[in-house]
Amino acid sequence: MTTPVGAAYDAAASAWRDGPARLYAGLAEVLVDGLDLDGAAVLDAGAGSGVAGDAARRAGAARVVAIDLAPAILPRPPALAVAADLARLPFAHRAFDIALAAFSLGHLTDPEPVLAGLRRVAPMLAASAFAQGWTHPAKDVVEQVLAEHGYRPPGWYLAFKSGPERRIGDPDRFAALVAGAGHREVRVRRVEVATGLVEPEDLAAWRLGMAHVAPFVDRLPQSARRAVREEAARRLAGAPEVVVPVLVLTAT
């Protein structure tokens with residue numbers, strides 16, 4: 001099951017929980033908003049640290065199972081979690097009432113078989129994606145600081161930014177992709193989410209905890225890691241709040 005992406009998320013697990021997880025937890029609330037999850041069995045597909053599953057439980061889900069290719073980043077017990085490939089779901093037909101895919105479909109080079117598998121195990125899908133073209137100054141600022149310490153984006157990340165993510169970030173293509181998996185009713189809405197992330201230290205932690213960055217930072221000497229965090233926060237003073245345009249898709 002090991003892939004460059006899975007290995008990167010495994011290596012980033014601790015930094016992810018300390019930084020990006022806070023932003024993604026807020027975005028997960030938008031994904032479950034309006035869903036009838038009372039008593040539902042939910043699959044959190046491509047769960048990462050499990051923030052979408054947490055949101056589902058708060059919304060009334062009776063059972064949540066998280067699945068991700070990177071075992072180290074999965075939520076810890078007593079949460080139910082499975083390390084497995086989304087293209088080979090180890091669950092029975094209609095084992096769940098709904099599958100959640102929070103920002104995970106954009107990572108897939110070939111999402112069609114994964115979507116077909118999700119439809120096999122759950123009759124309903126709720127998925128989210130970043131709207132195409134969205135950015136924030138913290139992205140460039142932190143990557144510039146890292147570049148000054150020798151950082152270069154890994155190949156898997158460059159491929160991700162130029163490939164599947166673009167397809168998912170367009171609402172019409174996103175809807176067509178999911179409809180192609182056999183869902184008859186597909187709806188996509190765009191929501192602007194104010195995340196509350198505005199403090200320079202929080203902005204730096206968000207970007208430094210991302211999977212394409214955190215393994216590099218972790219390999220730096222302790223003094224260099226500290227310098228990177230402090231310089232990133234210094235340059236981010238006065239940066240705007242992170243407001244994310246999110247595409248929220250529901251399909252039955």
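Because only heavy atoms are used, hydrogens play no part in the values below, and waters and symmetry mates are left out as well, while side chains stay in. Everything quoted here is computed from the prediction, not taken from an experiment.
Under the 4.5 Å side-chain criterion, counting only non-hydrogen atoms from C-beta, V5 is not in contact with L69. The shortest side-chain heavy-atom distance between D44 and D54 does not fall under the 4.5 Å cut-off. Contact of the L31 side chain with the F103 side chain is not registered, since no non-hydrogen atoms from C-beta on lie closer than 4.5 Å. Looking at D10 and P71, their side chains come closer than 4.5 Å, going by heavy atoms from C-beta outward. Side-chain contact between V142 and L236 is present, with heavy atoms from C-beta onward closer than 4.5 Å. Contact annotation: the side chain of E112 approaches that of L177 to within less than 4.5 Å [non-hydrogen atoms, C-beta and beyond]. Between F91 and I67 there is a side-chain heavy-atom pair separated by less than 4.5 Å.
Distance alone, capped at 3.5 Å, places no donor-acceptor pair between the R119 side chain and the M124 backbone. Between the R189 side chain and the T250 main chain, no donor and acceptor come within less than 3.5 Å of each other. Side-chain atoms of R17 come within 3.5 Å of backbone atoms of I73 as a donor-acceptor pair (strictly under, hydrogens ignored).
Classified by interplanar angle (parallel below 30°, tilted 30° to 60°, perpendicular above 60°), the ring pair F160/W156 is tilted.
Distance check, rounded to the nearest 0.5 Å: CG of L105 to CG of L86 gives 8.0 Å. Residue R225 holds its CZ atom at 6.0 Å from CG of D218, rounded to the nearest 0.5 Å. Between the CG atom of L37 and the CG atom of D97 there is a distance of 9.0 Å, given to the nearest 0.5 Å. In this structure, NE2 on H107 lies 9.5 Å from OH on Y157, to the nearest 0.5 angstrom. Atom CG of D85 sits about 10.0 Å away from atom CG of D68, to the nearest 0.5 Å. For the atom pair L80 CG and R63 CZ, the distance stands at 7.5 Å (nearest 0.5 Å).
Taking every heavy atom of both residues into account, V82 and P90 meet most closely at CG1-CG, 4.2 Å. For the residue pair A102 and S128, the shortest heavy atom distance occurs at CA-OG, 3.3 Å. Smallest separation of non-hydrogen atoms from V178 and A251: CG1-CB, 3.7 Å. Residues P200 and A237 approach most closely at CG-CA, 3.8 Å, considering heavy atoms. Minimum interatomic distance between L125 and A101 (heavy atoms only, all atoms of both residues): CD1-CB, 4.3 Å. The two atoms that bring S49 and P75 nearest to each other are O-CB, 3.7 Å, heavy atoms only.
With sequence neighbours left out, the salt bridge (charged side-chain N to carboxylate O under 4.0 Å, His left out) criterion links R190 to E192. Remark: R234 pairs with E231 by the salt bridge (charged side-chain N to carboxylate O under 4.0 Å, His left out) rule, at least two apart or across chains.
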* Asked: Would L100 and L35 count as a side chain to side chain contact (heavy atoms under 4.5 Å, CB included) if you check the C-alpha gap in whole Å, the side-chain angles of each, and the deciding distance to 0.1 Å?
  -> CA-CA 11 Å; L100 302 180; L35 298 177; 4.1 Å; yes

* To do: Evaluate the criterion side chain to side chain contact (heavy atoms under 4.5 Å, CB included) for residue pair H136 and R207; output intermediate values, then yes/no.
  => CA-CA 10 Å; H136 184 275; R207 297 312 301 172; over 6 Å; no

* Show your reasoning for whether side chain to side chain contact (heavy atoms under 4.5 Å, CB included) applies to H212 and Y151. => CA-CA 10 Å; H212 66 289; Y151 170 76; 3.2 Å; yes

* To do: Determine, step by step, whether F174 and Q132 satisfy the side chain to side chain contact (heavy atoms under 4.5 Å, CB included) criterion, reporting the C-alpha distance in whole Å, the side-chain angles of both residues, the deciding distance to 0.1 Å, and the verdict.
  => CA-CA 11 Å; F174 193 12; Q132 193 172 349; over 6 Å; no

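Taken together through direct or relayed side-chain contacts under 4.5 Å among Ile, Leu, Val, Met, Phe, Trp and Tyr, L74 and L118 form parts of separate hydrophobic clusters. Both V248 and L23 are members of a single hydrophobic cluster when ILVMFWY side chains are connected at heavy-atom separations under 4.5 Å. L27 and V243 end up in different hydrophobic clusters when Ile, Leu, Val, Met, Phe, Trp and Tyr side chains are linked at under 4.5 Å. By the rule that hydrophobic residues join a cluster once side-chain heavy atoms approach within less than 4.5 Å of another member, V141 and V198 end up as members of separate clusters.
Salt-bridge annotation for E148 and R235: present, with a side-chain N of the basic residue lying under 4.0 Å from a carboxylate O of the acidic one.
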